[in-house]
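Remarks on the structure that follows.
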There are 2 protein chains.
Amino acid sequence: MHSFTEENYLKAIYKLIEQEGDVVTTNALAERMSTKAASVTDMLKKLSDKKLINYQKYQGVTLTTKGEKVALNIIRKHRLWEMFLVEKLDFKWDEVHDVAEQLEHINSDKLIEQIDKFLNFPKVDPHGDPIPTANGKLISSKSQVLSKFKKNDVSIMTGVVDHSAAFLQFLDKSGLVLGNEIKIKDIVEFDRSLQIIVNKKDTLFISNDVAKNILVIKK
Amino acid sequence: MHSFTEENYLKAIYKLIEQEGDVVTTNALAERMSTKAASVTDMLKKLSDKKLINYQKYQGVTLTTKGEKVALNIIRKHRLWEMFLVEKLDFKWDEVHDVAEQLEHINSDKLIEQIDKFLNFPKVDPHGDPIPTANGKLISSKSQVLSKFKKNDVSIMTGVVDHSAAFLQFLDKSGLVLGNEIKIKDIVEFDRSLQIIVNKKDTLFISNDVAKNILVIKK
DNA sequence: AATATATTTTAGACTAGTCTAAAAATATAT
DNA sequence: ATATATTTTTAGACTAGTCTAAAATATATT
């Protein structure tokens, strides 16, 4: 199997490609892993030798099919564990990340299949992120950020971009949870902040920064 | 916190003291950890510096109060996870060990308290071993090995000494599970093997070696 | 009590992963 | 087109944990 550290690098590469596009740079990876560029270079050589990434000096990295499979499997385990913590152990959605970061490295096919079954094969995790299948397929959601919508658009909240505890707690406090209907009542020209109506009842003002971190699907 | 490896050494020391008595030797520990005596010596110095063990060169080791607390906490987590796997995820009692060896190192107080609650605060694990409390108390069971009993004694099976998958599978096949009543119908002088009656129905012959690995409590 | 044997420790080396400082390559600006 | 700045890689060193081989200590035998 792959080491704890190798798995974390592969996951980080996957996520950076997912959000930043085509290739990942050494510096970007160093920042994400809270380490130094020199350490990243060392690890990239190792992952490249194992055929988990495509790497040419100075040219950045992408994942090989094999590397992507490993990354998606870690993400699958992470999201299933998060779901388990929230659904079965009464964790809040802002409390699950650190524990899931540990649990995702537990190595047992039977364990993760049974957890999946125990949860009745969920499609998304508590943050609305899709859970990759056992054979490494990821159904990408058609959700978009709320900030892209126009006045009077009505949508359903399906996820978040920022997963920090601070942001998630703010959403809880504001009554913004997955599944809620959000109608944009007004958009303030000056700062692009939004006035929204949640579930046809509560009127709320949110900044554009907040809106950029809320995922919705058009109704 | 303590490293994965440190935790495993402390657990091994605890178990060796529990079954072999007062002090643990370097060689015994090396064998248990599947490593070399030289490596053990290095680790003993480290654990001693951290005040987790009492160690004098050439004199063997015991756990300090602090070290015992760490060991018991690992054992607590191990046994709760085993219980979870069997009770909630349909694992067999011979399948849980390796996964629990990994899960026992997950570091989250909330997680283990919630697992405990989810299982309704079990007192023993699937092998009949007592689960230490959150504050490090271990209720030692009054069980004894079946081989110590006499002809016509009646007892209830409460646990096992050998936890290997092979032994547990043999017990399953023989219909010997926790809670069963075992009456000793006869003891063969020659090899101390036993003829037993399980649950007042099935007659079975077991070797003395097997009897030494079955824990029972007198009825 | 002296010697032989077994156990334990030390010394020095190895791997995985990390670091700093310096060198090399690439990108940007004039 | 060349100089400057930025990014990336290399070189060498460090820690945790491991190893082998040799030295030190303890135990057993006569």
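The structure presented is a predicted model; accordingly, all values stated were derived computationally and were not measured. Throughout, protein chains are lettered first and strands after them, A, B, ... in sequence-line order, and every chain is numbered starting at 1.
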Gap between atoms [atom1] and [atom2], on [X] and [N] respectively (whole Å):
X       : N      : atom1 : atom2 : result
A/Lys50 : C/dT15 : NZ    : P     : 14 Å
B/Asp42 : D/dC19 : CG    : P     : 10 Å
A/Leu44 : C/dA16 : CG    : P     : 16 Å
A/Lys36 : D/dT10 : NZ    : P     : 19 Å
B/Met43 : C/dT8  : CE    : P     : 17 Å
B/Tyr55 : D/dT25 : OH    : C1'   : 12 Å
B/Leu29 : D/dT18 : CG    : P     : 11 Å
B/Asn8  : D/dA16 : CG    : P     : 17 Å

Q | Sugar-phosphate, base or nothing in reach of B/Phe4, heavy atoms under 4.0 Å | A | nothing
Q.
For a quick check of understanding: with a heavy-atom distance under 4.0 Å over all strands, which category does A/Ser39 fall into, base, sugar-phosphate or nothing?
A. base
Any [X] side-chain nitrogen or oxygen under 4.0 Å from OP1 or OP2 of [N]:
X       : N      : answer
B/Thr41 : C/dT9  : yes
B/Tyr9  : D/dA16 : no
B/Ser3  : D/dA16 : no
A/Thr25 : D/dT7  : no
B/Thr26 : C/dT9  : yes
A/Asn27 : D/dT8  : yes
B/Lys45 : C/dT10 : yes
A/Gln59 : D/dT8  : no

Partner of [N] by Watson-Crick or G-U wobble geometry, both contacts under 3.5 Å, or none?
N      : answer
C/dT30 : D/dA1
D/dA11 : C/dT20
D/dT30 : C/dA1

Q.
Apply salt bridge (Lys or Arg N to Asp or Glu O under 4.0 Å) to residues A/Glu101 and A/Lys11 and explain how you reach the verdict.
A. CA-CA 11 Å; A/Glu101 288 281 296; A/Lys11 186 177 63 155; 2.8 Å; yes
Q) What is the minimum heavy-atom distance between B/Leu72 and B/Gly136, and which atoms define it? A) CD1-O, 3.3 Å
Q) Can you check side chain to side chain donor-acceptor pair (under 3.5 Å) on A/Trp93 and A/Asp125, steps first, answer last? A) CA-CA 9 Å; A/Trp93 69 340; A/Asp125 79 4; over 6 Å; no
Q) Under 3.5 Å, is there a donor-acceptor pair linking the side chains of A/Ser143 and A/Thr158? A) yes
Q. Out of D/dT18, C/dT18, C/dT10, which nucleotide sits closest to the side chain of B/Lys57?
A. C/dT10
Q: Please determine, for the side chain of B/Ala38, which listed nucleotide (D/dC19, C/dT18, D/dT10) has the closest atom?
A: D/dC19
(Q) Going by the rule salt bridge (Lys or Arg N to Asp or Glu O under 4.0 Å), which residues pair with B/Asp186 if we only count those two or more places apart in sequence or in a different chain? (A) B/Lys151
Q: Identify which one of B/Asn73, B/Ile112, B/Ile74 satisfies the side chain to side chain contact (heavy atoms under 4.5 Å, CB included) criterion when paired with B/Glu104.
A: B/Ile74
Q) Quick one: on DNA chain C, does A/Tyr58 or A/Glu6 contact a more 5' nucleotide (nearest heavy atom)? A) A/Glu6
Q) How do B/Ala28 and A/Thr5 order along DNA chain C: which one's closest nucleotide is nearer the 5' end? A) B/Ala28
